[in-house]
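These notes concern the structure reproduced below.
Sequential numbering from 1 along the given sequence is applied to the chain's residues. Computed from a predicted structure; not experimentally measured.
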Amino acid sequence: MAEDQSAVKFVNDLLERAVQENASDVHIEPQENQVRIRLRVDGMLRDADRPPAGLGTVVTAHLKVLANLDISEKRQPQDGRLDLRVAARTIDVRVSTFPTIYGEAVVLRLLDRAQKPLTLTELGMSAGMATEFEKLFRQPHGILLVTGPTGSGKTTTLNTILHDITCEEKNIVTIEDPVEHRQAGIRQSQVNRKAGITFADGLRSLLRQDPDIMMVGEIRDSETAEISFQAALTGHLVLSTLHTNDAPGALTRLVDMRVEPFLISSSVVGILAQRLVRRVCKRCAESYVPPEPILRRLGAQPGTKFKRGVGCPECNDLGYRGRVGIFELLVLDSTIRRMVMEGKAADEIKQIAVKMGMVPLREDAAAKARAGLTSPEEVIRVTQDAAV
């Protein structure tokens, strides 16, 4: 059944289209009378071609065969991977299955191995912020955090940092879940809970590997946080991520993880919060004046013109093509460290940080809208949980 030629052709065509459209994920979702397929392009899901009637389970079975999964097991989630060759490009495909009431849902994560690491300015940082951020990850020890929701580009930023600091004199090790970008000159390892390797266990073992710089995919619990801070205090530079809405929120999140305020104050060197906004399609961009409520939310003067895409074949009539990062960088100076020690709330810390020069996410996004990189509507959509 898994080798049905109609299913094979459908899967091949689907994956080729996903790669051509630069999709990051493919969702195959069984429903009561059909199978829905969606592609995530530039962070947004949209419908794709559906398999012919009766081929849904066959398509799923074929994908499980390609990913070396057990096709007879349909009651338990499974994870696998496969290599895909499209137009001389090698794509690493992560396959995840999950049982639902109508059958197995499958999500494919696509990663292009040939994609080169971007520079900080190519990610979307201003030249001034990139210089300030580089000073932080060039420090010999401490903790540098990148925060944001899932899909906000945190891993890409961390890999840009690792690419910049990789050298013969430094021993750089990572513990990730999973390893998404393979980099030469770095010892990368992956969480394997079945084998008893969690972030905390892997980090504890890596400390015995004589590291200079350690990258922890995510600080999820108190144990991982405790070991990370111990590593920072003993002369290591630790890079990691947290799920918080803004940079100051990471400080209170660490307190919630039972990290002592004096450890946070003495170890954290900086926190970068980020999101991804869609770029206005260059081919179909036009100038326009947004409605008054949108201008007010952006702090723009009445009649201010911005850019938007009207839709064209280049962007599949979406008006957007590609994404760019927006950032908020909090550097812990003596004032912020004292506020952490005093147990101040994240809102209070943010107010002081802004007065001292920190550019909030919404303001950085608005600057990119004024530059014509994105639209005001996209700024509000992405930053509504991080507005000042």
Heavy-atom closest pair, residues Phe327 and Asp364: N-OD2, 2.8 Å
Report the residue from Arg46, Arg38, Arg40 that forms a salt bridge (Lys or Arg N to Asp or Glu O under 4.0 Å) with Glu21. Arg46
What donor-acceptor contacts under 3.5 angstrom involve side-chain atoms of residues 103-112, with partners at least two apart or in another chain?
unit_1: Glu104; atom_1: OE1; unit_2: Lys64; atom_2: NZ; d: 3.0
unit_1: Glu104; atom_1: OE2; unit_2: Lys64; atom_2: NZ; d: 3.0
unit_1: Arg109; atom_1: NE; unit_2: Asp25; atom_2: OD1; d: 3.4
unit_1: Arg109; atom_1: NE; unit_2: Asp25; atom_2: OD2; d: 2.5
unit_1: Arg109; atom_1: NH2; unit_2: Asp25; atom_2: OD2; d: 3.2
unit_1: Asp112; atom_1: OD1; unit_2: Ala114; atom_2: N; d: 3.0
unit_1: Asp112; atom_1: OD2; unit_2: Arg89; atom_2: NE; d: 3.1
unit_1: Asp112; atom_1: OD2; unit_2: Arg89; atom_2: NH2; d: 2.9

Quick one: does any side-chain atom of Ser240 pair with a main-chain N or O of Val216 as donor and acceptor, under 3.5 Å? yes
Can you tell me if CZ on Arg283 sees more than 12 non-hydrogen neighbours from other groups inside 6.0 Å? no
Please test Arg275 against Ser152 for side-chain hydrogen bond (donor to acceptor under 3.5 Å, both in side chains), starting from the C-alpha separation and ending with a verdict. CA-CA 5 Å; Arg275 300 284 195 282; Ser152 59; 5.8 Å; no
For a quick test of your reading: what N or O donor-acceptor pairs under 3.5 Å do the side chains of residues 252-262 make, sequence neighbours left out?
unit_1: Thr252; atom_1: OG1; unit_2: Gly249; atom_2: O; d: 3.0

Evaluate side-chain hydrogen bond (donor to acceptor under 3.5 Å, both in side chains) for His62 paired with Thr60, printing each intermediate quantity in order. CA-CA 5 Å; His62 179 59; Thr60 298; over 6 Å; no
Kindly write out the residues that satisfy salt bridge (Lys or Arg N to Asp or Glu O under 4.0 Å) with Glu176, not counting sequence neighbours, or none if the list is empty. none
Would Tyr320 and Ser375 count as a side-chain hydrogen bond (donor to acceptor under 3.5 Å, both in side chains) here? Give the steps. CA-CA 9 Å; Tyr320 297 98; Ser375 68; 2.6 Å; yes
Going from NZ on Lys305 to CG on Leu295, what distance comes out if it is rounded to the nearest 0.5 angstrom? 13.0 Å
Does Leu84 belong to the same Ile/Leu/Val/Met/Phe/Trp/Tyr cluster as Val95, with side-chain heavy atoms less than 4.5 Å apart forming each link? yes
So, Asp79 and Arg81, do they make that salt bridge, N to O below 4.0 Å? no
Side-chain heavy-atom pair Leu120, Leu123 within 4.5 angstrom cut-off: yes
Short side-chain to backbone donor-acceptor contact, Gln78 and Glu73, under 3.5 Å: yes
Tell me if the CD atom of Glu342 is crowded by more than 12 foreign heavy atoms within 6.0 Å. yes
